[in-house]
Amino acid sequence: MTDRQTQPILSLRGISKSFGGVRALSDVSIDLTPGKVVALVGDNGAGKSTLVKTMSGVLRPDRGQYFFEGREVHPAGPAAVAEMGVQTVYQDLALCNNLDAVQNLFLGRELTGPWYSAGRIRRAEAERRARDVLRRLRLDGISLTRNVGAMSGGQRQNIAIARSILWEPKVVLLDEPTAALSHSAAAQVGDLVRELASHGLAVLVISHDIHHFVLDNTDVIEVLRLGRNAGRFDSKAVTGEQVVNAMVGGDAAVNAAG
Ligand SMILES: Nc1ncnc2c1ncn2[C@@H]1O[C@H](COP(=O)(O)OP(=O)(O)O)[C@@H](O)[C@H]1O
Ligand SMILES: [Mg+2]
C-alpha cells in the first residue's frame, strides 16, 4: 500500500460541542482513510450523531479542527462539505415510496446537459446511469422499475447509499444504516459498505449492531462514551465484549457484556 492511501482524507481534532448546558462532545478526534470502513459506536447520547453532523457541516463545533486532504478547512455548511466530496446518508433515507429506483436515484438532482430537458431527466439515460451505478456496486438484484415502497429494508437502504454515490464522493457517512433491519438485510448493507471501501472511498458507519455488523464489515472501531473518545480498535483483532466494555466503561461493563 502506498503512503498516499494510508493517509487520512478527513480528520477531526479536539472537537467540542455543547447544546446549552449539555456537553455533547469533548475533545473528540477521529480519522477517516480511503479504502477503510470506520465504525462509530457508543451508547445512546454518546455523541455519535453530533460528530457526524459536525463532519457533514450541519453543526459548527465550539472548538477543534477539521482537516480534509491534509489541509485545515472551515466548512460553511452542508453544501460546502458535499462540494468537497463528503456525502451523508441519514437514517430517514428520504426515499419516495411511490417512485421506482431510477426516479429515487435521481431525485432532487439538478442535472443539466444534453440529456436533461424540460425539467425532467430523460428516462432512458437515467436508467442507463442507474443500471451502471447499481452494477458497479454489485446491486444488480435491485429492480429499476419497482416502487421502492415495495422493496425490503435492506434494498431501500442500499438505494439511499447508491444515490449518494452518484455524486462521486470521496467520503460517505452513514448514520445507523442497519437500524430496524433484519440480520440478513444488515448483511446486504454490510456487503455494500465493503464494496464502497474497495473502490477507495473512506466510509464512516454508525451502528449498534456490534456482533452482526460492525465486527464483520468494518476495519476500525471508534468508540465514544459520554461525548469522549473511549477506545479505538482494529475490528479484526477485537472481541465484541471488549467493544462493549469500552462503550459502557467501568464496572457497568461486567453486566452489559454478560
Ligand atoms: N440539537 C440538540 N439540542 C440539545 N441537545 C442535543 C442536541 N443534539 C444532541 N443533543 C444532546 O447531545 C448528546 C449527544 O447526542 P447524540 O449526538 O444524538 O448522541 P448519539 O447519536 O450517540 O445517540 C445527548 O445528550 C443529546 O441529548
Ligand atoms: Mg444518534
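Whatever order the structure lists them in is the order used to number ligands and atoms, beginning at 1. In this chain, residues are counted from 1 in sequence order. Computed from a predicted model, the values in this text were never measured in an experiment.
Under 4.0 angstrom from ligand 1, the non-hydrogen atoms of Val22 all belong to its side chain.
At a cut-off of 2.8 Å, measuring from the Mg ion (ligand 2), the protein N, O or S atoms that fall short of it are Ser49 OG, waters left aside.
Taking both residues in full, the closest heavy atoms of Leu105 and Leu166 are given as O-CD1, 3.3 Å, listed atom of the first, atom of the second, then distance.
In this structure, atom 27 (O) of ligand 1 has its sub-4.0 angstrom surroundings free of protein heavy atoms. Distance check for atom 14 (C) of ligand 1: a protein heavy atom is found below 4.0 Å.
For atom 16 (P) of ligand 1, the closest heavy atom belonging to the protein is Thr50 OG1, 3.7 Å. Among protein heavy atoms, atom 23 (O) of ligand 1 sits closest to Gly45 N, 2.8 Å.
Within 6.0 Å of the CD atom in Glu83, the count of heavy atoms belonging to other residues, nucleotides or ligands does not exceed 12. Around atom CZ of Arg228, no more than 12 heavy atoms belonging to other residues, nucleotides or ligands sit under 6.0 Å away. Within 6.0 Å of CD in Glu72 there are more than 12 heavy atoms belonging to other residues, nucleotides or ligands.
The backbone N or O of Ser26 lies less than 3.5 Å from no partner atom in the side chain of Ser16, so there is not a single donor-acceptor pair. Under the 3.5 Å distance criterion, the side-chain polar atoms of Asp62 are matched with a main-chain donor or acceptor of Ser18.
Less than 4.0 angstrom separates some heavy atom of Asn44 from each of these atoms of ligand 1: 23 (O). Near Ser49, meaning under 4.0 Å from any of its heavy atoms, are these atoms of ligand 1: 17 (O), 18 (O), 20 (P), 21 (O). Close contacts of ligand 1 with Asp43, meaning ligand atoms under 4.0 Å from a residue heavy atom, involve 22 (O).
Put simply, CD on Gln188 and CG on Asn158 are 6.0 Å apart, with the number rounded to the nearest 0.5 Å. Here the CG atom belonging to Leu204 is positioned 7.5 Å from the CG atom belonging to Leu51, to the nearest 0.5 angstrom.
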(request) Step by step, work out the side chain to side chain donor-acceptor pair (under 3.5 Å) result for Tyr66 and Ser11. (result) CA-CA 6 Å; Tyr66 191 135; Ser11 301; over 6 Å; no
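By heavy-atom distance, the residue among Gly47, Ala24, Gly227 lying nearest atom 19 (O) of ligand 1 is Gly47.
Partners of His183 by ring pair (Phe, Tyr, Trp, His ring centres under 6.0 Å), not counting sequence neighbours, listed by chain and number: His212.
At under 3.5 Å, not a single nitrogen or oxygen of Phe19, backbone or side chain, sits near a nitrogen or oxygen of ligand 1.
Ligand 1 is never approached by Leu51 to a heavy-atom distance shorter than 4.0 Å.
Under a 4.0 Å N-O distance rule, the pair Glu127/Arg131 qualifies as a salt bridge.
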